[in-house]
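Structure first, commentary second.
In listed order, ligands and their atoms are each counted from 1. Just so it is clear, the structure is predicted and the values come from calculations on it, not from any experiment.
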Amino acid sequence: MYTEKVMDHFQNPRNVGEIENASGTGTVGNAKCGDIMRIYLDIDENQVIRDVKFKTFGCGAAVATSSMATEMVKGKTVQEAMEVTNKAVMEALDGLPPVKVHCSLLAEEAIHAALWDYAEKNGITIQGLEKPKSDISEHEEDEEY
Ligand code: FES
């Protein structure tokens, strides 16, 4: 039911850990499944994401999507990182089973929360970035579990 890429990123997740004195950190959870994701960003003076780490208390799909999402934002500017949507991450993983699509939102939202934290600390605006929610299940009232 999972693609090879999902299994690879689940079994060998990239960028697991934390960054001390990160430029931005973001934590989001999904109250429905109880999973939590934290993202740390190290951003240089040119607003390029030099390093990124994640920690999750989440399911396999959350691990795989965070691993891929962190790979995709590394080396990008904070503005370019906004293009790494959960959809883009799922495509890069060759898809996720429909019931697991919501898991991929944890990574996207946690990255946004970390970018928001960075933007606030530095007094900058990142186009298209909205104040993150700490509980992403608010987004998905229409979904069934
Ligand atoms: Fe909660 Fe996957 S079941 S993130």
Side-chain angles (χ1 to χ4, degrees), residues 1-43 47-122 125-145:
M1 112 185 216
Y2 290 112
T3 68
E4 259 172 51
K5 283 190 189 162
V6 172
M7 288 310 291
D8 176 31
H9 279 266
F10 168 58
Q11 282 165 341
N12 309 294
R14 295 19 162 210
N15 308 311
V16 175
E18 50 188 286
I19 296 174
E20 257 181 73
N21 303 319
S23 319
T25 58
T27 307
V28 298
N30 182 329
K32 282 187 186 156
C33 63
D35 289 348
I36 298 166
M37 171 75 59
R38 177 167 297 158
I39 292 270
Y40 303 82
L41 295 175
D42 176 23
I43 299 168
Q47 299 188 1
V48 172
I49 298 171
R50 207 163 22 194
D51 199 10
V52 47
K53 297 268 188 241
F54 79 93
K55 266 191 167 174
T56 189
F57 185 81
C59 70
V63 171
T65 50
S66 311
S67 170
M68 180 58 96
T70 51
E71 285 287 271
M72 288 168 78
V73 298
K74 207 189 265 186
K76 293 212 161 80
T77 66
V78 293
Q79 194 63 59
E80 287 164 351
M82 291 298 294
E83 285 157 33
V84 181
T85 59
N86 75 309
K87 211 169 154 256
V89 171
M90 282 193 294
E91 275 169 21
L93 288 168
D94 297 332
L96 273 181
V99 293
K100 287 287 171 185
V101 169
H102 74 278
C103 311
S104 65
L105 281 171
L106 270 185
E108 180 189 295
E109 285 294 313
I111 289 172
H112 286 180
L115 287 171
W116 182 269
D117 180 38
Y118 164 77
E120 273 205 324
K121 281 185 188 153
N122 291 277
T125 310
I126 300 173
Q127 242 180 342
L129 183 63
E130 284 171 20
K131 193 170 170 38
K133 295 198 164 68
S134 55
D135 175 9
I136 59 163
S137 67
E138 291 167 27
H139 285 318
E140 14 177 89
E141 282 117 29
D142 305 334
E143 274 186 48
E144 286 183 21
Y145 284 82

- Under the criterion side-chain contact (heavy atoms from CB on, under 4.5 Å), which of Lys53, Met68, His9 is the partner of Arg14?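 The residue from Lys53, Met68, His9 that satisfies side-chain contact (heavy atoms from CB on, under 4.5 Å) with Arg14 turns out to be His9.
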- Query: With a 4.5 Å limit on heavy-atom distance, are the side chains of Thr65 and Leu106 in contact?
  - Reply: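 Sidechains of Leu106 and Thr65: no contact.
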- Message: Testing the 3.5 Å rule here: is there a donor-acceptor pair between the side chains of Asp94 and Thr3?
- Response: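 Asp94 vs Thr3: no donor-acceptor pair found between side chains.
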- Query: Tell me, which protein N/O/S atoms are under 2.8 Å away from atom 2 (Fe) of ligand 1?
  - Reply: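 Near atom 2 (Fe) of ligand 1, below 2.8 Å, one finds Cys59 SG, Cys103 SG.
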- Message: Minimum heavy-atom separation for Arg38 and Thr27, please, with both atom names.
- Response: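 Closest pair (atom of Arg38, atom of Thr27, distance): NE-OG1, 2.8 Å.
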- Message: Please determine whether a side-chain nitrogen of the Lys or Arg among Lys74 and Asp42 lies less than 4.0 Å from a carboxylate oxygen of the Asp or Glu.
- Response: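 Result for this pair is no, no salt bridge flagged.
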- If you count the non-hydrogen atoms of other residues, nucleotides and ligands that lie under 6.0 Å from NZ in Lys121, is the total more than 12?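 Yes, the 6.0 Å shell around NZ holds more than 12 heavy atoms from other groups.
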